[in-house]
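Remarks on the structure that follows.
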Amino acid sequence: MKTTRNTKTTKSSPLPAAHTDLGKPEVVWTRRHLLGLEELSGEELEHIFRTAESFQEISTRSIKKVPALRGRVVVNLFFEDSTRTRMSFTLAAQRLSADVLDFSAGKSSVTKGETLRDTVRNIEAMGVDTFIIRHSAAGAPHYITRCTDCNVINAGDGQHEHPTQGLIDIFTIRERKGRIAGLKVVIVGDIAHSRVARSNFWGLKRLGAEVTLVGPTTLVPRAFEKMGAKTSYDLDAALKDADVVNMLRIQHERISSQVFPSREEYVRLFGLTQERLRGTKPDLLIMHPGPINRGVELSSEVADGPNSSILRQVSNGLAIRMAVLFLLNQASGKN
Ligand code: CP
């Protein structure tokens, strides 16, 4: 990844001038795929955030559209259910003037035995540019990069990563707190099965935050300590000096055996309630990637309270996904 000063990366940038202000270092983006945050540098993360800031302004216009990806085709290739990620990618692509194709595994020829490789190659033959893939198998997006010349974006692969959700969460923290370095971020819940936890962890560590992973012993792998995280099984202790808490969904669909005694026990030990917030910093930022289980990970009072950024995360998702689509297509010479 190269860094230059005052070098425009596009012939006619649809970005507001602020993005290329004189004096600001600017990264020349070269990645064609976004597969995870583990491999991104701090410089690349910051470049995505600055690009997303520029795109935020577009959503405030009466005509919320720029021609950056006009004539390009983006394919939503979802093998798992989604509300936020799928709709947000669709809207982001539309705001960049791209055409969007929607694929749903259950209504496709996958049900007749077509392989992932054949599905991708057949769609590519229609003349598309970007695949956005969600799949239950970790590594599926990496595999697709070997089957196609298109850009590939990981929209969640098994328990591996969900990079755009990680970007959204870190961008929202950066927006609310003005920085990432030095912040104490607590991630709570089903860490073992969470691709969101992994993407958050890699990005936050890269930018200098202190990350503590909290949950039942069965759901917080100690292996994370070797990667630089703290682990804890005591939420109240971890929250005492926390700046941010990110509550993860209990993933019933990925938990194969009984890993905590009962829902009531989980809520008592790890649920975020108004009572539990006493004794925490008054400006503690409360996050959840969604979808939330109300009354489990957090109470409705907390989810809808003044410290919650849950809906702001969703709003920021649009700008982040516009930035990712824009940058990856730019690296392919497609905008
Ligand atoms: N946060 C998230 O990935 O939500 P969806 O499953 O609704 O896309």
Side-chain angles (χ1 to χ4, degrees), residues 9-12 14 28-37 39-40 48 51 55 65-158 160-165 167 195 317-318 320-335:
T9 53
T10 56
K11 285 191 277 299
S12 57
V28 177
W29 185 269
T30 55
R31 285 186 193 274
R32 293 181 51 245
H33 311 300
L34 178 66
L35 304 177
L37 297 196
E39 54 260 31
L40 294 196
I48 296 171
T51 308
F55 281 127
K65 228 168 184 170
V66 289
L69 297 189
R70 190 164 53 200
R72 302 293 156 191
V73 184
V74 170
V75 183
N76 276 327
L77 199 62
F78 278 57
F79 291 83
E80 281 189 341
D81 294 340
S82 167
T83 299
R84 279 147 289 271
T85 311
R86 186 179 195 134
M87 295 185 76
S88 167
F89 264 120
T90 299
L91 195 53
Q94 289 170 344
R95 291 216 167 149
L96 295 171
S97 304
D99 295 317
V100 182
L101 288 180
D102 250 325
F103 164 95
S104 292
K107 291 192 172 72
S108 74
S109 292
V110 167
T111 60
K112 302 172 194 166
E114 189 169 62
T115 65
L116 178 58
R117 182 171 190 274
D118 281 335
T119 299
V120 166
R121 284 171 60 81
N122 276 270
I123 297 173
E124 183 180 16
M126 297 176 201
V128 307
D129 301 283
T130 301
F131 283 105
I132 299 162
I133 177 165
R134 171 169 288 191
H135 203 286
S136 59
H142 303 68
Y143 173 70
I144 289 181
T145 63
R146 299 202 295 274
C147 307
T148 171
D149 290 329
C150 295
N151 306 114
V152 177
I153 300 174
N154 179 1
D157 63 330
H160 172 236
E161 281 222 38
H162 188 350
T164 53
Q165 186 64 51
L167 289 168
R195 52 200 181 201
L318 204 55
I320 284 289
R321 290 180 173 122
M322 286 171 80
V324 168
L325 284 166
F326 175 80
L327 290 170
L328 299 190
N329 276 275
Q330 184 185 53
S332 301
K334 288 176 179 172
N335 52 17

With sequence neighbours excluded, residues passing side-chain hydrogen bond (donor to acceptor under 3.5 Å, both in side chains) with Q94: none

Set of residues satisfying side chain to side chain contact (heavy atoms under 4.5 Å, CB included) with respect to T148, sequence neighbours excluded: V120, E124, F131, I144, C150, V152

Not counting sequence neighbours, which residues clear side chain to side chain contact (heavy atoms under 4.5 Å, CB included) with T115? List them please. R117, D118

Tell me every residue that passes salt bridge (Lys or Arg N to Asp or Glu O under 4.0 Å) with R95, counting only those two or more places apart in sequence or in another chain. none

Mind checking what makes salt bridge (Lys or Arg N to Asp or Glu O under 4.0 Å) contact with D99, not counting sequence neighbours? none

Sequence-distant partners of F78, ring-ring contact (aromatic ring centres under 6.0 Å, His included), two or more places apart: none

Contacts of H33 that satisfy ring-ring contact (aromatic ring centres under 6.0 Å, His included) - sequence neighbours left out: none

Counting C-beta onward and ignoring hydrogens, is there a side-chain heavy-atom pair between [X] and [Y] closer than 4.5 Å?
X	Y	result
N154	R195	no
R31	L40	yes
W29	T51	no
L328	T130	no
R72	L96	no

Hey, what do you get for [atom1] ([X]) to [atom2] ([Y]), rounding to the nearest 0.5 Å?
X	Y	atom1	atom2	value
I133	D157	CD1	CG	8.5 Å
I320	T164	CD1	OG1	8.5 Å
I48	L327	CD1	CG	6.5 Å
R321	T90	CZ	OG1	10.0 Å

When you measure from the side chain of [X] to the backbone of [Y], do you find a donor-acceptor pair of N or O atoms at a distance under 3.5 Å?
X	Y	value
S97	V66	yes
R32	D149	yes
S108	V110	yes
D129	V73	yes

Assess whether side-chain contact (heavy atoms from CB on, under 4.5 Å) is satisfied between L77 and I123, documenting all intermediate values. CA-CA 10 Å; L77 199 62; I123 297 173; 3.9 Å; yes

State, to 0.1 Å, how close [X] and [Y] come at their nearest heavy-atom pair, and which atoms those are.
X	Y	answer
H160	H142	CE1-CE1, 3.5 Å
A155	R134	O-NE, 2.9 Å
R121	C147	CG-O, 3.5 Å

CA sep, side-chain torsions, deciding dist, call: E114, N122, side-chain contact (heavy atoms from CB on, under 4.5 Å): CA-CA 10 Å; E114 189 169 62; N122 276 270; 4.0 Å; yes

Could you list all the salt bridge (Lys or Arg N to Asp or Glu O under 4.0 Å) pairs where at least one residue sits in residues 100-110, not counting sequence neighbours? R86-D102

Parallel, tilted or perpendicular: rings of F326 and F55 (30°, 60°): perpendicular

Residue from L325, L35, N76 passing side chain to side chain contact (heavy atoms under 4.5 Å, CB included) with I153: L325

